[in-house]
Asker: 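Take this structure first; my questions come after.
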Amino acid sequence: MAEHRRGANLPSIGGFNRTVVLDAVRRSPDGLSRVELAARTGLSAQTVSNVTRFLIEAGMIAESGTVVAGRGKPRTILRLEATSRYAVGVHVDPAVVTYVLLDLAGRVVAETTTSTPSADDPTEVVRTIATAIAGLVADAGVAVESVLGVGIASPGPIDVDAGVVLDPPFLPRWRDVPLRDALAEATGFPVLLEKDVTAAVVGEMFLAGESSARNFAFVYFGTGFGVGLVVDHEPVRGVGSNAGDAGHIMVDQGALAGTPDGAGSRGEVGGTVAPDRLVQVARARGLRLGDDETGLGPGEPDGIAAVQRAWDALGAAIEAGDEVAVGLAAEAGAVMGRAVVVIVNLLDIDRVVFGGPLWSRIAPVALPAARAAVVASPLLVPKHPVAVVDSGRGADVTAVGAACLVLDAALSPRASALLIRR
């Protein structure tokens with residue numbers, strides 16, 4: 001069983017105790033009685049009674065039936081009122097901006113996309129995103145006051161303290177965009193800014209609930225290659241909140257090296273498995289992927305759209321069983337698996353999750369190849385089993401993760417909340 005947060009009985013930290021109780025209820029789909037809450041949280045019966053009364057009045061939990069447990073009167077079950085609060089997640093990708101609306105249980109109740117605006121005019125960026133968020137909430141029929149906030153997942157690097165997107169490599173016109181504060185002013189919601197790989201790993205961890213692994217890596221495959229990390233149930237952000245750039249890990253490229261025999265050639269994993277490069281390799285091997293638009297740079301909007309179309313065609317070819325496409329996906333998975341071995345050796349983890357906005361197209365072939373590359377690697381140091389699995393969160397995993405940042409901030413207890421601030 002997963003560990004549960006322990007509470008404290010001092011009245012001065014009532015806010016912390018509320019998140020302790022709410023988190024325990026959220027993690028128990030079948031609900032909990034007050035007696036069970038006291039046992040799981042370490043709070044006194046009186047504190048649990050006071051906290052649950054507040055949460056019921058706030059509409060965040062509700063009494064839902066009774067159960068008979070031994071002698072004495074039946075116990076009333078408390079369950080999460082998932083539709084009492086919501087969170088918005090925004091994923092800024094070089095090709096599209098994805099928006100999702102999640103309820104308290106982490107279920108997607110609405111979603112939409114817009115084309116990624118050029119940041120030549122930051123005001124237009126904020127206007128586009130703010131308008132889309134307003135439309136998402138309104139179309140879902142959700143009251144504005146029930147929205148807890150907005151989470152934004154952006155390619156790095158970012159300045160999380162200033163709330164600024166600095167200079168992401170595949171968004172060449174995005175330089176020093178003050179996205180967080182400007183969007184908060186435009187929408188009226190609290191806004192959190194996070195790097196995309198970190199948002200994805202937070203979403204994976206939050207939605208897994210009771211089954212969340214204590215330590216794992218999330219291999220993020222999108223326009224770029226990154227790795228989100230969770231150590232001791234906490235995402236690893238780094239000093240500047242820009243952890244996760246794993247594309248420079250050197251690996252044996254195998255057949256993707258471009259050499260006649262594909263042997264003995266090493267290169268960076270990010271460059272080797274970049275979607276635009278895989279598209280070029282597929283075409284060089286004779287696979288038709290629509291109009292040949294490889295002259296367009298992946299850093300330009302038209303080039304990004306062209307790569308996306310070709311990537312979709314590659315996915316269709318894999319699904320149809322085309323030998324070239326299947327072979328290419330297997331090679332890409334094997335290369336990523338070799339990079340994962342470095343991460344597993346470094347952190348001694350036993351679980352690796354693959355996902356990201358472009359992952360699903362190659363996943364049926366690439367995941368088994370990655371798993372085989374990890375398990376069979378002669379360089380693998382840990383002797384325990386290593387699970388290599390698919391996220392299952394879909395292409396919207398990063399936007400969902402961005403919304404989970406808001407839910408996590410609102411619902412998950414933090415020990416730092418107990419610190420006395422002067």
Side-chain angles (χ1 to χ4, degrees), residues 170 197 217-227 245-290 292-294 298 304 306-345 352-380 386-391 395:
F170 294 107
V197 295
F218 186 100
V219 178
Y220 178 93
F221 186 70
T223 306
F225 175 89
V227 177
D245 279 329
H248 296 301
I249 293 176
M250 299 296 291
V251 292
D252 177 0
Q253 296 173 299
L256 289 178
T259 57
D261 58 5
S265 182
R266 292 179 64 78
E268 295 182 350
V269 60
T272 302
V273 302
D276 61 302
R277 183 175 186 274
L278 293 179
V279 165
Q280 292 176 14
V281 172
R283 285 180 168 137
R285 295 181 181 180
L287 189 63
R288 295 183 61 84
L289 299 175
D292 188 347
E293 300 170 282
T294 54
I304 293 169
V307 170
Q308 182 67 60
R309 289 193 294 272
W311 190 254
D312 289 341
L314 176 63
I318 292 170
E319 189 175 354
D322 181 273
E323 290 186 8
V324 173
V326 169
L328 184 63
E331 292 164 18
V335 169
M336 286 187 267
R338 293 176 199 130
V340 163
V341 170
V342 177
I343 304 295
V344 172
N345 286 347
V352 180
V353 182
F354 278 75
L358 297 184
W359 171 247
S360 62
R361 283 300 198 177
I362 64 171
V365 176
L367 183 65
R371 183 183 296 120
V374 173
V375 174
S377 174
L379 303 178
L380 187 65
V386 178
V388 180
V389 300
D390 191 274
S391 167

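The figures here come from the full heavy-atom set of this structure, side chains too, leaving out hydrogens, waters and symmetry mates.
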Asker: Can you see which heavy atom on D322 is nearest to which on V324, and at what distance?
Answerer: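 Heavy atoms of D322 and V324 come nearest at OD1-N, 3.0 Å.
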
Asker: With a 4.5 Å heavy-atom cut-off, do V273 and R277 have their side chains touching?
Answerer: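 A side-chain contact is absent here, since even the closest heavy-atom pair is not under 4.5 Å.
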
Asker: Compare every heavy atom of L314 with every heavy atom of A282, then report the nearest pair and how far apart it is.
Answerer: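 That would be CB-CD1, 4.4 Å.
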
Asker: Heavy-atom distance under 4.5 Å between the side chains of N345 and L380, does that happen here?
Answerer: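 A side-chain contact under 4.5 Å exists here.
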
Asker: Can you tell if the side chain of W311 reaches within under 4.5 Å of the side chain of L289, non-hydrogen atoms only?
Answerer: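 Result no, sub-4.5 Å side-chain heavy-atom pair not found.
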
Asker: For residues 356-371, which side-chain N or O atoms pair as donor and acceptor with protein atoms under 3.5 Å away, sequence neighbours left out?
Answerer:
unit_1 : atom_1 : unit_2 : atom_2 : d
W359   : NE1    : D390   : OD2    : 2.8
R371   : NE     : V388   : O      : 3.0
R371   : NH2    : V388   : O      : 2.8

Asker: Once rounded to the nearest 0.5 Å, what's the spacing between atom CD of E268 and atom CE of M250?
Answerer: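 Output value for this atom pair is 6.0 Å.
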
Asker: State, with a plain yes or no, whether a side-chain heavy atom of L256 is found less than 4.5 Å away from one of L278.
Answerer: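 A side-chain contact under 4.5 Å exists here.
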
Asker: Does any non-hydrogen side-chain atom of V219 lie less than 4.5 Å from one of I343?
Answerer: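 No - every pair of side-chain heavy atoms lies 4.5 Å or more apart.
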
Asker: What distance separates F354 CZ from Y220 OH, expressed to the nearest 0.5 Å?
Answerer: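 Reported value, rounded in 0.5 Å steps: 14.5 Å.
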
Asker: List the atom pairs, donor and acceptor, that lie under 3.5 Å between side-chain atoms in residues 330-339 and the rest of the protein, sequence neighbours left out.
Answerer:
unit_1 : atom_1 : unit_2 : atom_2 : d
E331   : OE1    : R285   : NH1    : 3.1
E331   : OE1    : R285   : NH2    : 2.9
E331   : OE2    : R285   : NH1    : 3.2
R338   : NH1    : D252   : O      : 2.6

Asker: For the residue pair R283 and A310, what are the closest heavy atoms and their distance?
Answerer: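 Looking at all heavy atoms of both residues, the shortest contact is NH2-CB, 3.8 Å.
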
Asker: Please report the closest heavy-atom contact between V227 and V197, naming both atoms and the distance.
Answerer: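 Nearest heavy atoms, V227 then V197: N-CG1, 4.4 Å.
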
Asker: What are the two closest non-hydrogen atoms of F221 and P275, and how far apart are they?
Answerer: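 Answer, listing the atom of F221 first, then P275: CZ-CG, 3.9 Å.
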
Asker: Locate the shortest heavy-atom distance separating I318 from A329; write the atom from each residue and the value.
Answerer: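 I318 and A329 have their closest heavy atoms at CD1-CB, 3.7 Å.
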
Asker: Hey, what do you get for CG (L328) to CG (L287), rounding to the nearest 0.5 Å?
Answerer: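 Result: 8.0 Å between the selected atoms.
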
